[in-house]
Amino acid sequence: PASSASAAAAAAAASAAPPAARPVAGVYVRGIWVRKPLIEGAIMAFWSKLNVSSRDRNDVDAEECADATLAVLRDAARSEAGKAALRRLLAPLQGKKAGSS
């Protein structure tokens with residue numbers, strides 16, 4: 001009974017928690033928001049060799065960001081799971097629903 005009471009309390013606390021905030025559009029490097037996105041409304045997150053630049057460390061080189069984006073796409077295209085994930089992500093850009101082919 002004690003474990004079911006604690007599980008019920010945990011479930012009640014989880015349901016009472018405020019909804020998670022939506023991520024802010026921008027460029028993130030190693031989990032840290034760096035700047036507004038290079039593509040309006042995009043979330044670009046890199047955990048790689050991409051580095052921040054400028055004196056205040058609040059910018060990324062646009063060319064390096066493009067190269068990092070292409071590297072992510074190339075890596076994803078190397079496996080069947082990655083290809084399937086890319087198809088789901090790109091479907092809305094092709095006017096399709098994410099689950100359709």
Results of side-chain contact (heavy atoms from CB on, under 4.5 Å) for [X] - residues two or more places apart only:
X	result
L90	L93
A84	R87, R88
I39	A42

Quick one: side chains of residues 60-68, donor-acceptor pairs under 3.5 Å with protein atoms, not counting sequence neighbours, listed by atom name and distance.
unit_1 : atom_1 : unit_2 : atom_2 : d
D61    : OD2    : E63    : N      : 3.2
D61    : OD2    : E64    : N      : 3.0

Side-chain polar contacts of residues 31-38 - donor-acceptor pairs under 3.5 angstrom, sequence neighbours left out - could you list them?
unit_1 : atom_1 : unit_2 : atom_2 : d
W33    : NE1    : A25    : O      : 3.2
R35    : NH1    : D59    : OD1    : 2.8

**Study point:** Greater than 12 external heavy atoms within 6.0 Å of Q94's CD
**Key:** yes
Practice item. For E80, enumerate each residue passing the salt bridge (Lys or Arg N to Asp or Glu O under 4.0 Å) test, keeping only those at least two apart in sequence or located in another chain. Key: K83
**Study point:** Pairs where residues 70-79 contributes a residue and the test salt bridge (Lys or Arg N to Asp or Glu O under 4.0 Å) is met, not counting sequence neighbours
**Key:**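 For residues 70-79: D75-R78.
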